[in-house]
There are 2 protein chains.
Amino acid sequence: MSSPETQASFLESYNIHEFDIPLTSVDMAIFSIENNNLKVLLVKRAQFPSKGEWALPGGFINLKTDQSLNDTVSRKLEEKTGVNISHLEQVATYGNAKRDPRGWSVTIAYMALISSKNITLLTDESSEEVVWLPINEIQQEYQLAFDHNIILEECYQRLRRKVQYTSLPINLLPKTFTLSELQKTFELILGYAIEKKSFRRRLLAADIIEETGEMRVGSNRPAKLYRANDVGKEHLFQRNIEGPR
Amino acid sequence: MSSPETQASFLESYNIHEFDIPLTSVDMAIFSIENNNLKVLLVKRAQFPSKGEWALPGGFINLKTDQSLNDTVSRKLEEKTGVNISHLEQVATYGNAKRDPRGWSVTIAYMALISSKNITLLTDESSEEVVWLPINEIQQEYQLAFDHNIILEECYQRLRRKVQYTSLPINLLPKTFTLSELQKTFELILGYAIEKKSFRRRLLAADIIEETGEMRVGSNRPAKLYRANDVGKEHLFQRNIEGPR
DNA sequence: GGAATAGTGTCTCTCAGACACTATTGC
DNA sequence: GCAATAGTGTCTGAGAGACACTATTCC
């Protein structure tokens with residue numbers, strides 16, 4: 001390449017196709033609660049590479065329509081789930097020469113939480129099947145495409161860790177919920193029971209949820225319904241939940 | 001593209017140059033302590049775009065020599081500092097159509113901590129000057145190239161937040177250090193004084209540092225020297241440092 | 001009344017903050 | 001002795017865990 005004297009002339013003579021650059025994509029671990037299980041959305045790949053294998057949903061950036069990575073992720077999320085995202089968070093970026101048979105590739109991994117109601121699953125040309133599977137089942141029995149087992153694991157660990165000091169699980173429930181339902185959700189992710197009184201004290205003292213005035217009428221004593229306020233969906237606590245001593 | 005029937009034939013006919021893919025780079029915020037200041041390494045760009053502007057060090061992945069993103073970062077780190085990294089952590093990935101005048105670009109940002117001794121600064125063809133500047137000065141007076149002000153800010157916030165519940169600042173000191181020196185380092189990053197007794201109680205109880213047996217002989221009462229043990233460089237505490245009430 | 005779930009009272013324990021105190025050096 | 005820095009003793013307060021208790025529903 002010559003040595004241009006201004007940025008304008010540099011850009012004019014710049015041709016991206018002269019360079020070797022990696023393939024770049026996004027992938028997502030989308031979590032939801034269903035039947036007292038923490039589930040993750042998987043797609044069966046309809047195209048090469050890894051055609052026919054289960055994988056995390058994701059895909060390439062559309063340089064023409066996407067203005068930012070967030071646009072790419074939102075678009076993909078909408079293609080698969082018909083939108084209902086209450087929390088979206090970038091987790092990590094994976095890049096190396098071997099993870100994709102097409103060559104050097106980079107993928108930016110996101111974790112999304114979606115509330116357990118009103119999910120419609122859609123399919124498109126790149127995935128012939130879309131399913132929700134319990135995280136434990138995937139970990140134990142599924143060989144996902146590319147390095148998606150590793151990516152999923154890291155997203156799951158991030159979720160578990162954040163449950164200890166944030167109010168993130170609120171994003172897995174519908175707009176209104178009871179404290180018992182919320183506690184169940186925390187316990188499901190943490191994998192152990194937490195003490196009822198501590199849990200309620202903590203959540204109520206944080207001033208992040210408020211009573212709706214309504215009650216959930218079930219089979220026994222009715223429970224107060226709450227909703228999250230402005231900061232409720234990602235409040236940071238000063239101390240971790242430690243679990244049973 | 002046709003519809004190949006096997007992954008092998010798919011790969012054979014696959015040509016990456018048929019697709020529009022973003023430029024992909026890595027950038028680093030390298031932190032160190034010097035003269036009681038938290039400093040960040042900046043380079044003055046020797047080439048277009050943004051020639052002559054200050055920027056975070058970084059660059060493109062070399063698809064031939066780098067096997068992974070970590071290789072890329074380590075290579076860049078070595079080019080600039082001659083290596084001395086005690087902590088390296090991926091912070092976030094930024095990607096959009098506008099951040100680089102060459103077009104859609106993605107950069108993976110890392111934060112590195114290097115211990116305050118034995119730093120040799122090197123220059124290379126892509127940066128004519130390399131300097132350590134106090135973070136506060138950069139924030140207040142420097143317009144960095146691209147979106148590097150934002151990237152640096154996010155790295156700095158990540159560092160500050162982690163100081164509240166990890167032992168990360170150990171990585172900014174030489175192998176051996178006194179508790180007073182360690183406390184100073186915590187305070188420098190947090191921006192406020194912490195209580196001596198609490199600090200020492202916390203660090204000592206965590207069982208992550210051990211006495212070397214040596215003493216630091218200064219101008220007054222000599223202080224015990226400590227070194228970090230295996231987990232010392234990134235221990236997680238259950239409770240945050242909260243600061244003065 | 002009994003089963004089931006919601007919700008409370010209250011004790012203990014851990015650990016951070018506060019702050020006054022003692023210890024060891026150089027001058 | 002004094003100044004300066006290292007290091008301790010000990011109180012308070014916030015908030016987590018434990019666990020027994022009460023409250024309200026359906027049957």
Side-chain angles (χ1 to χ4, degrees), chain A residues 36 161 163-167 173 176-188 190-226 235-245, chain B residues 36 161 163-167 169 173 176-188 190-227 235-245:
Chain A
N36 239 34
R161 168 119 185 85
V163 168
Q164 296 186 333
Y165 65 92
T166 69
S167 55
L173 293 179
T176 65
F177 48 85
T178 69
L179 282 179
S180 297
E181 289 163 357
L182 187 54
Q183 183 175 345
K184 276 246 163 57
T185 307
F186 272 75
E187 291 175 337
L188 211 53
L190 285 171
Y192 53 80
I194 49 191
E195 222 287 322
K196 184 166 54 164
K197 187 63 198 286
S198 312
F199 180 76
R200 301 170 85 94
R201 200 199 297 125
R202 181 174 164 105
L203 266 287
L204 262 6
D207 200 38
I208 56 176
I209 56 177
E210 55 188 31
E211 299 181 11
T212 64
E214 310 280 292
M215 304 289 273
R216 164 91 75 232
V217 186
S219 52
N220 297 291
R221 175 172 174 176
K224 285 182 179 167
L225 279 169
Y226 291 83
H235 175 78
L236 299 179
F237 293 94
Q238 289 290 318
R239 294 171 64 165
N240 288 352
I241 293 176
E242 292 186 41
R245 286 191 173 133
Chain B
N36 239 34
R161 167 120 186 84
V163 168
Q164 296 186 330
Y165 65 92
T166 69
S167 54
L173 293 179
T176 65
F177 48 85
T178 69
L179 282 179
S180 298
E181 289 163 357
L182 187 54
Q183 183 175 345
K184 275 247 162 57
T185 307
F186 272 76
E187 291 174 337
L188 211 53
L190 285 171
Y192 53 75
I194 50 191
E195 222 288 320
K196 184 167 53 166
K197 188 63 199 287
S198 312
F199 180 77
R200 301 170 86 95
R201 200 200 296 127
R202 181 174 163 104
L203 267 287
L204 262 6
D207 199 39
I208 55 177
I209 56 177
E210 56 189 30
E211 299 181 11
T212 65
E214 310 280 292
M215 304 290 273
R216 165 90 75 231
V217 186
S219 52
N220 298 290
R221 176 173 173 176
K224 284 182 179 167
L225 279 169
Y226 291 84
R227 75 169 75 85
H235 174 78
L236 299 180
F237 293 93
Q238 289 289 320
R239 297 169 61 166
N240 287 351
I241 292 177
E242 293 187 42
R245 286 190 172 136

Task: Length of the CD-C1' vector between B:E242 and C:dC15, whole Å - done: 10 Å
TODO: Calculate, to the nearest 0.5 Å, the distance between atoms CD and CG belonging to B:E181 and B:N36 respectively.
DONE: 10.5 Å
Open item on the list: Nearest 0.5 Å, please: how far is CZ in B:R227 from CD1 in B:I209?
Closed with: 11.5 Å
Open item on the list: Can you measure A:L190 atom CG to D:dG17 atom P for me and round it to whole angstrom units?
Closed with: 10 Å
Task: Rounded distance in Å - CZ (A:R216) to P (C:dT5) - done: 14 Å
Open item on the list: I need the B:T176 OG1 to B:E214 CD distance, nearest 0.5 Å.
Closed with: 8.0 Å
TODO: Rounded off to whole Å, could you give me the CG-to-C1' distance for the A:N240 and C:dC15 pair?
DONE: 13 Å
Open item on the list: Within the structure provided, determine whether A:Y226 and A:L173 are in side-chain contact (heavy-atom separation under 4.5 Å).
Closed with: no
- [ ] Could you tell me whether the phosphate oxygens of D:dG15, OP1 or OP2, come under 4.0 Å of any side-chain nitrogen or oxygen in A:R202?
- [x] no
TODO: Figure out the CD/P separation between A:Q164 and D:dA16, and round it to whole Å.
DONE: 13 Å
TODO: Mind checking side-chain hydrogen bond (donor to acceptor under 3.5 Å, both in side chains) for B:E242 and listing every partner two or more places apart, or none if nothing turns up?
DONE: none
- [ ] Rounded off to whole Å, could you give me the CZ-to-C1' distance for the A:F199 and D:dA18 pair?
- [x] 17 Å
Open item on the list: Determine whether a donor-acceptor pair (one donor, one acceptor, N or O, separation below 3.5 Å) exists between the side chain of B:R200 and the base of D:dT8.
Closed with: no
TODO: Look at the side chain of B:R201 against the base of D:dG7 and say whether a donor-acceptor pair falls under 3.5 Å; ignore hydrogens and angles.
DONE: no
Open item on the list: Just N and O in the side chain of B:S180: are any of them under 4.0 Å from OP1 or OP2 of D:dT5?
Closed with: no
Open item on the list: What is the separation between atom CZ on A:F177 and atom C1' on C:dT5, rounded to the nearest whole Å?
Closed with: 18 Å
Open item on the list: Between P on C:dG7 and CD1 on A:I209, what's the gap in Å once rounded to a whole number?
Closed with: 11 Å
Task: Gap separating the OH atom of B:Y165 from the CD atom of B:Q238, nearest 0.5 angstrom - done: 12.0 Å
- [ ] Using a 4.0 Å cut-off on protein heavy atoms (strictly under), produce a 5'-to-3' string for nucleotides 19-27 of chain D with B for base contact, S for backbone-only sugar-phosphate contact, and - for none.
- [x] B---BBBS-
Task: CD1-NE2 distance between A:I208 and A:H235, expressed to the nearest 0.5 angstrom - done: 5.5 Å
